[in-house]
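Quick notes on the structure that follows.
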Amino acid sequence: MPIRLIAAYFLMITGSAFAIVTVLGLLRFPDVYTRIHAGAVVLTISAVLVTMGTAIYVWDFFLSAKIILIGIFFLFSNPMATHAIARASYKREIALPKEYEIDAYSDYLGRDV
Amino acid sequence: MEIPTETQPEVESLNKLMKKTLISVVLAGVAFALYQNFSLMPGYEGLNVGLSNYIIESGLKDTGSLNLITAVLYDYRAFDSLGESTVIFGAVSGIVLILSRKMLPVSSKGLSFIVKRTLGIMTPFIALFGLYVITHGHLTPGGGFQGGVILAAISIIFSIVYGSAFDYRRYSPQTKTALETGGALTFLGLGLAGIFMEGAFLHNLGFLTAETGTLISAGSIPYINIGVGFKVGAGLAIIFYSMIQKTFEEDF
Amino acid sequence: MAVLEIILVVFLVFSALMAVRFDEELISIIFLSIFSLILTALYLLHKAADVALAEAVIGAGLNTAIFMSAISQIRHGDSD
């Protein structure tokens, strides 16, 4: 087996492990914001790792470039969507942020808006 | 005056029975008509004989389109595609007639600064992908319909993320109506050109064919793709735009 | 290949049942979106790229947005 395939499989397996960690976090965390945290951080790196592994696996210039473009799209879009969801759930007071002792975002909103 | 209390439920139940009988008769009639229609269809003859084999063998030679599905949709069965476009036009007209109340919608401030900046970077690429899917419909998977829906997604993004007033300023309903009508007229004009040049409605225009695999080949199929794409995109954008007029007022 | 197809079909039926079963409209819409996504994967597995593209764009993208705006209008009440 050439070393390129080994690197590709390593990246894909690492990405899949991060995806499993994401599912565990979604199931085990207590409320909305921590679940969103799991979905944002770990799922982004998982998708990027899997796309990088696929780009190494096919190893053709144009195909790899397209797949890496898809990975960059993930890198932009997933944190942005997560940010939008978290902000909307904060504004709608879905998970009662007053329960926490530290609520820095309300101070930020008081300064900004 | 005495009210006949006994007969009232009987009339009700009789009415219900009549209604049920009528519905059953209509359903049985529809089922019979569908069965007759099915029995008229030619039977399945296997992959290597019959109509599908004909299209697989001589579709490229007849139409010059590498994507055989686009060849069927916009050359062999182009009349059906014209009917589908008319159905979308009817749906758009109905929804606009029912739902649109005023010209200027209630504006919203849109989402936060981060989302606006990020989508400002990504939206040109979405538009480029939509145009690619439309114009390469005869070479790669895709076509007018799919690319048109991708273009309509841009209008949805504008309405949700930047507020509906931004969408109104960029692509006003007049512009969308002009685009939709232009697309439909392109389709019909190509059909009429087929009558005058080749002798049949929506016949593939032979003098437009070029070397197979290039961007402008396959006769009139790319132009029909472009027309259908703009028509579908503008129509679905009009549907979404007339549905959000009173919603998304809060700033999330 | 066959194992993947069986798993996808099972999840397809499951998501369709869930979409019918819940009373909350939002959950039904999310399950319909998941249904379209699994159907896209099945179409790609059977090498029907055109239909897969149409299903992904319309089912998972456009339908969700239009349904969301519709239920948002319902919940805002019938003010004029």
Side-chain angles (χ1 to χ4, degrees), chain B residues 67-74 84 88 91 95 99 101-102 105-106 108 126 129-130 132-134 136-138 140-161 164 229 232-233 235-250 252, chain C residues 1-2 4-5 8-9 12 15-16 19-20 22-80:
Chain B
N67 186 2
L68 285 179
I69 299 168
T70 312
V72 172
L73 274 180
Y74 298 120
E84 288 170 13
I88 291 178
I95 287 177
L99 286 179
R101 303 187 192 91
K102 44 186 169 294
V106 177
S108 60
I126 301 174
F129 180 62
Y132 167 80
V133 169
I134 287 177
H136 286 68
H138 56 290
T140 55
F145 199 83
Q146 290 94 331
V149 182
I150 295 173
L151 286 186
I154 293 175
S155 182
I156 293 176
I157 287 172
F158 278 170
S159 305
I160 293 179
V161 173
S164 43
V232 168
L236 294 177
I238 287 173
I239 287 180
F240 186 79
Y241 184 76
S242 54
M243 284 186 78
I244 64 157
Q245 284 187 344
K246 285 292 289 179
T247 59
F248 297 119
E249 288 178 39
E250 306 109 58
F252 284 130
Chain C
M1 185 66 80
L4 184 60
E5 188 180 341
L8 282 177
V9 167
L12 190 75
S15 62
V20 176
F22 276 100
D23 284 336
E24 182 95 9
E25 301 98 345
L26 200 59
I27 303 177
S28 289
I29 292 170
I30 299 295
F31 270 110
L32 274 184
S33 176
I34 294 171
F35 178 85
S36 297
L37 219 58
I38 298 171
L39 200 57
T40 305
L42 266 177
Y43 281 144
L44 262 186
L45 208 60
H46 288 279
K47 304 221 169 24
D50 285 83
V51 198
L53 191 54
E55 182 69 36
V57 164
I58 294 171
L62 194 78
N63 257 349
T64 313
I66 285 182
F67 280 153
M68 287 281 183
S69 68
I71 70 160
S72 163
Q73 269 200 342
I74 289 170
R75 284 183 184 169
H76 271 259
D78 46 358
S79 61
D80 88 325

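Proteins get letters first, then strands, A, B, ... in listed order; numbering begins at 1 in each.
Atom-to-atom distance recorded for F240(B):CZ and L62(C):CG is 8.5 Å, nearest 0.5 angstrom. One finds the OG1 atom of T140(B) at 9.0 Å from the CG atom of L53(C) (value rounded to the nearest 0.5 Å).
Of the residues considered (G61(C), A48(C), A56(C), A54(C)), A54(C) shows the highest number of contacts with chain B, using heavy-atom pairs under 4.5 Å. Most heavy-atom pairs under 4.5 Å with chain C: of the set N67(B), I239(B), T70(B), this distinction falls to N67(B).
With a 4.5 Å cut-off on non-hydrogen atoms, I156(B) touches chain C through its side chain but not through its backbone.
F145(B) places none of its side-chain heavy atoms less than 4.5 Å from the side chain of V57(C).
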